[in-house]
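Lettering of chains follows the sequences in order, A, B, ..., and the numbering in each one begins at 1.
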2 protein chains.
Amino acid sequence: MSKQRQQPEKTTHTCCDVGVLMDPAFFKALCDPNRIALLDRLAQCPEPCTVTELCCCCDVDFSVVSRHLALLRDAGICHAVKRGKQVHYSVNYTDLAARLRAMADAIDACCPSGTGECNDVHTNKPE
Amino acid sequence: MSKQRQQPEKTTHTCCDVGVLMDPAFFKALCDPNRIALLDRLAQCPEPCTVTELCCCCDVDFSVVSRHLALLRDAGICHAVKRGKQVHYSVNYTDLAARLRAMADAIDACCPSGTGECNDVHTNKPE
DNA sequence: TGCTCATATGCGTCACTATGCAACTATACC
DNA sequence: GGTATAGTTGCATAGTGACGCATATGAGCA
């Protein structure tokens, strides 16, 4: 796929998408070092991991790991499947990559050259 | 190494890039609604904005806006240029989009199909 | 020089978040 | 049913971040 720079042919992002796509809640889920460590660990595992397996990747209590994973799950970044008494966590890679790429596209579509020239300028002066 | 399935020809991201590229500090800079509002406002402006101009886009004290902008600047997301007694802020669009796209690429390169199959598995057990 | 405007910074406060421990729930196995 | 294992949740605490106010800095102008 050759989307990027001098605007995408298919994606039709505009300036206004920047504020919509860049969701603070999404970033909040990713702004903790331990959560990134968990995602990193999950990314390196060929198959979903249990909470116990993930515990070794960050030096915090076991309950804390559980909570971080629940947060990532609630943010739509992870996926949890209960199998017996274990819960297997995995990353929604497709969705996560798509969200990040959509933001990049929106930014590119807005000011692709970085010259300060916007493609979709609507300087809404509030009040 | 035989990473790669149907992913980008040029980018050579691997699993290990996920943890490196996904910097918590970067996400921390973006996890505040007011900062996103500021970025959104900047994205909609054809040219760099002053602190005063940006103040109207979020309902907080003026000193707070200044602080948010300084934080975005320190995170490498914004750029500040002093002109006379005003400081003009602009977004490093190119860099911001590149960082987001690099993350998306790294994730795709790792588990592009979302099947749970990794291309580059190196389960590094930390200590 | 003194004043004003634009912005940055010090400081105290409040709210939220991460954390660890303990208690709880749920499942599997005896 | 009783026990062990896996994970979640309640609670208290410490740390961090956002905020507003007051003040400082720095540039332009009379």
Side-chain angles (χ1 to χ4, degrees), chain A residues 19 22-42 45 47-91 125-126, chain B residues 19 22-42 45 47-91 126-127:
Chain A
M22 308 265 286
D23 180 17
F26 172 72
F27 292 120
K28 191 157 283 184
L30 296 172
C31 76
D32 184 88
N34 283 327
R35 286 197 286 274
I36 293 296
L38 288 168
L39 285 180
D40 188 30
R41 181 80 165 84
L42 281 168
C45 285
E47 48 200 33
C49 297
T50 66
V51 179
T52 310
E53 285 166 345
L54 290 166
C55 267
C56 61
C57 79
C58 41
D59 192 28
V60 290
D61 191 81
F62 168 48
S63 64
V64 174
V65 172
S66 172
R67 245 183 278 253
H68 280 309
L69 288 167
L71 195 151
L72 288 169
R73 183 197 59 209
D74 293 345
I77 294 167
C78 279
H79 184 62
V81 176
K82 184 152 192 166
R83 265 186 257 166
K85 50 183 175 178
Q86 294 177 317
V87 178
H88 292 253
Y89 282 90
S90 56
V91 183
K125 290 235 185 255
Chain B
M22 308 265 288
D23 179 18
F26 172 72
F27 292 120
K28 193 158 284 186
L30 295 171
C31 76
D32 183 86
N34 283 327
R35 285 197 286 274
I36 294 296
L38 288 169
L39 285 180
D40 189 30
R41 182 80 164 84
L42 282 167
C45 286
E47 49 200 33
C49 296
T50 66
V51 179
T52 310
E53 285 167 345
L54 290 166
C55 267
C56 60
C57 81
C58 41
D59 192 28
V60 291
D61 191 80
F62 165 42
S63 65
V64 176
V65 172
S66 173
R67 245 182 280 253
H68 279 311
L69 289 167
L71 194 150
L72 288 169
R73 183 198 59 210
D74 293 344
I77 295 166
C78 279
H79 184 63
V81 176
K82 185 151 191 165
R83 264 186 257 166
K85 50 183 175 178
Q86 294 177 319
V87 178
H88 293 252
Y89 282 91
S90 55
V91 183
E127 63 277 337

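- You'll find that the side chain of A:Gln86 is closest to D:dA6, out of C:dC21, D:dG20, D:dA6.
- With C:dT17, D:dG10, D:dC21 as the choices, the nucleotide that has an atom nearest any side-chain atom of B:Arg67 turns out to be D:dC21.
- Between A:His68 and C:dT19, a side-chain N or O to OP1/OP2 separation shorter than 4.0 Å is present.
- Contact check, B:Arg35 against D:dA18: a side-chain N or O comes under 4.0 Å of OP1 or OP2.
- The nearest whole Å value for the distance from the CG atom in A:Asp61 to the P atom in D:dA12 is 18 Å.
- Of all nucleotides listed (C:dT17, C:dG20, C:dT7), C:dT17 comes nearest to the side chain of A:Lys28.
- A donor-acceptor pair is defined here as one N or O able to donate and one able to accept, closer than 3.5 Å; no such pair exists between the side chain of B:Arg83 and the backbone of B:His88.
- Residue contacts shown for B:Val64 include a base, since a base heavy atom lies under 4.0 Å away.
- Rounded to an integer number of Å, the gap from CD of A:Glu53 to P of D:dT5 is 17 Å.
- One can place CG of B:Leu71 at 14 Å from C1' of C:dT9, the figure rounded to the nearest angstrom.
- One finds the CG atom of B:Leu38 at 4.0 Å from the SG atom of B:Cys58 (value rounded to the nearest 0.5 Å).
- With a 4.5 Å cut-off on side-chain heavy atoms, A:Phe27 and B:Ile36 count as touching.
- Considering only side-chain atoms of B:Phe62, the nucleotide from D:dT9, C:dT7, D:dC21 that sits closest is C:dT7.
- Per the geometry, CG belonging to A:Leu38 stands 13 Å off P belonging to D:dG7, to the nearest Å.
- If you find the closest nucleotide of DNA chain C to A:Cys31 and to B:Thr52, the one lying nearer the 5' end belongs to B:Thr52.
- Considering only the side chain of B:Tyr89, C:dA8 comes nearest among D:dT8, D:dA6, C:dA8.
- Summarising the geometry, atom OG1 belonging to A:Thr50 is positioned 9.5 Å from atom CG belonging to A:Leu69; distances are rounded to the nearest 0.5 Å.
- Side-chain contact check for A:Arg35 versus A:Leu72: some heavy-atom pair is nearer than 4.5 Å.
- As judged by a 4.0 angstrom heavy-atom cut-off over every strand, A:Val51 is placed among residues touching the sugar-phosphate backbone only.
- Distance from the side chain of B:Lys85 is smallest for D:dA27 among the nucleotides D:dA27, D:dT8, C:dT9.
- Between the base of D:dC19 and the side chain of B:Ser63 there is no donor-acceptor pair shorter than 3.5 Å.
- What separates CD1 of B:Ile36 from P of D:dA18 is a distance of 12 Å, to the nearest Å.
- In this structure, the CZ atom of A:Arg83 is 15 Å from the P atom of D:dA6, given to the nearest Å.
- Atom CZ in A:Phe27 sits about 19 Å away from atom C1' in D:dA18, given to the nearest Å.
- Per the geometry, NE2 belonging to B:His88 stands 18 Å off P belonging to D:dG26, to the nearest Å.
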